[in-house]
Amino acid sequence: MSALLIRGGRLFDPASGVDAVGDLLIRGEHIAAVGEVEARGDEEVIDAAGLLVAPGLMDIHVHLREPGQEQKETVATGTRAAAAGGFAAVACEPNTSPPRDTAERVEELLEIARREAVVRVLPKCAITVGQRGEELSDLAALRAAGAAAASDDGFAVADAALMREAMAAAKRAGMPLTVHVDGPEMVERDIGLAAEIDWQVHFSHVSLADEVELIARARQRGLRVSGEATAHHLALCRADAPEGDASFKMNPPLRSARDRGVLRVGLSAGVISVIASDHAPHSAEEKAQPYEEAPPGAIGLETTVGVVWTDLVHGERASPETIVRAMTAGPAEVLAVEAPALRAGARADVTALDPECEWTVEPERFESKARNCPFAGRKLKGRATVTIVGGRVAMREGRIVELGAAA
Ligand code: DOR
């Protein structure tokens, strides 16, 4: 059995109450010991002095584009980007071509992931057939095939009666719903449905102050409602976008400085319990079109940790506890999966971060196929330096460890 000893890092898992300098021992696919470690001498050693050793980060809002849009990204390149950015697991949106709305397509994706992914891939499926908002997908069959959540990302289900049906079907299937936020009216409607049906709803890429306030009130009422913010909505506002630069065009768009301020407060208050990238790769040709025609979306897997660490932690707007929770236990709770944790017996998904590492964003060096990055040229402080997935090193100091290389 392979063994890894991560030595002398700051072990940091706020959800489990762990914060102490110590060692982490991994044997096979699991964590064998935390803190006081009895090494045998057969372990591969990673020196983690000065690093923050956290549970493996999860990003539950990622576009991998396969099948159908492989010119933008593939499972192979997208998961390499994830590993490079410190993510041990990603949940990917169903707006592929064709959309992932059948059990077969979920199985197909899982098969590609088994062959080619360097991090865990949790497939999301479409709430409605073809994401057209007309007819429900078979959520029970999709769940049985391995769908981690249902989402019509890119679109909100406009028909309220259909959304009520979707929520009831999701409850019967035990399927988490992560919905595309399209303004406060829709958030209010879906909170009402969650209360009526007594099911869970997670709001993707929340960006407006009014949306944050609605989610805060729903949580105070004890409803199972959660919110997510992207790194770009937390760090940037409308005034930061150069006129006509399509790298800053996303959906929802960048908002006012006040909205961004409320989003940051919501994050620290736990109303926004998830940070995601909404990694949305597009080809250079598509983004080079006139602004109005360029597709919305920004890549983010390789910048999210650096951006939130720079802007929120070093910027003293959020604590490291808040950030790590929102990238580990927070997303795991939304998907109702076992949270990554620094605990003996837990699955060995681990991310080490160097909070002091200063670097410049150079998209041409990214693992992602795409370059549509609004942070290009930015100097950041904070970076993931090791990503471990199920006991296997997937990334170390920026280099992807090829599949099979660790065997
Ligand atoms: O900016 C976005 N891009 N927002 C979405 O909701 C969809 C995404 C995409 O698929 O490119």
Side-chain angles (χ1 to χ4, degrees), residues 59-75 77-78 81-82 90-101 105 109 123-128 130-133 149-158 177-183 186-187 190 202-208 211 227-238 240-241 245-255 259 263 274-289 291-304 307 363 368-375:
D59 186 345
I60 61 168
H61 193 161
V62 167
H63 297 269
L64 292 179
R65 307 299 193 204
E66 189 171 354
Q69 297 175 314
E70 288 86 351
Q71 76 282 7
K72 298 177 196 257
E73 197 76 286
T74 63
V75 170
T77 59
V90 295
C92 59
E93 298 300 324
N95 63 337
T96 46
S97 288
R100 196 175 309 116
D101 59 3
R105 291 185 192 140
L109 194 265
K124 291 196 197 175
C125 65
I127 299 173
T128 65
Q131 291 194 280
R132 284 192 298 273
S151 146
D152 263 6
D153 191 57
F155 310 94
V157 177
L177 285 177
T178 67
V179 303
H180 177 93
V181 169
D182 206 2
M186 217 63 117
V187 170
D190 289 350
H202 173 71
F203 294 105
S204 294
H205 49 45
V206 172
S207 61
L208 291 168
E211 296 165 350
E228 155 197 309
T230 68
H232 50 266
H233 288 111
L234 286 164
L236 301 174
C237 66
R238 202 180 291 138
D240 296 317
D245 184 340
S247 285
F248 290 77
K249 178 178 178 181
M250 49 286 263
N251 179 23
L254 296 176
R255 305 294 193 180
D259 288 310
L263 202 59
V274 174
I275 294 174
S277 67
D278 193 2
H279 179 80
H282 293 292
S283 69
E285 296 70 33
E286 289 165 309
K287 278 289 193 182
Q289 297 174 95
Y291 189 84
E292 292 310 318
E293 279 131 66
I299 53 172
L301 282 168
E302 289 165 89
T303 48
T304 291
V307 166
S368 170
K369 275 196 184 182
R371 302 288 177 258
N372 50 307
C373 174
F375 298 104

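Counting starts at 1 for both ligands and their atoms, following the listed order. Just so it is clear, the model here is predicted, and its values are computed rather than measured.
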Would His205 and Glu228 count as having a side-chain donor-acceptor pair, cut-off 3.5 Å? no
Do the side chains of Ile299 and Ser368 get nearer than 4.5 Å, heavy atoms only? yes
Determine the minimum heavy-atom distance between Glu93 and Ile60, stating which atoms define it. OE2-O, 3.8 Å
Tell me which residues fall inside the under-4.0 Å heavy-atom shell around ligand 1. His63, Arg65, Asn95, Asp153, Gly154, His180, His205, Met250, Asn251, Asp278, Ala280, His282, Pro296, Gly297
Any salt bridge linking Lys369 with Glu73? Criterion: basic side-chain nitrogen under 4.0 Å from a carboxylate oxygen. no
Distance from Cys125 atom SG to Asp152 atom CG, nearest 0.5 Å? 9.0 Å
Please report the interatomic distance CG(Asp101) to OG1(Thr128), rounded to the nearest 0.5 Å. 8.0 Å
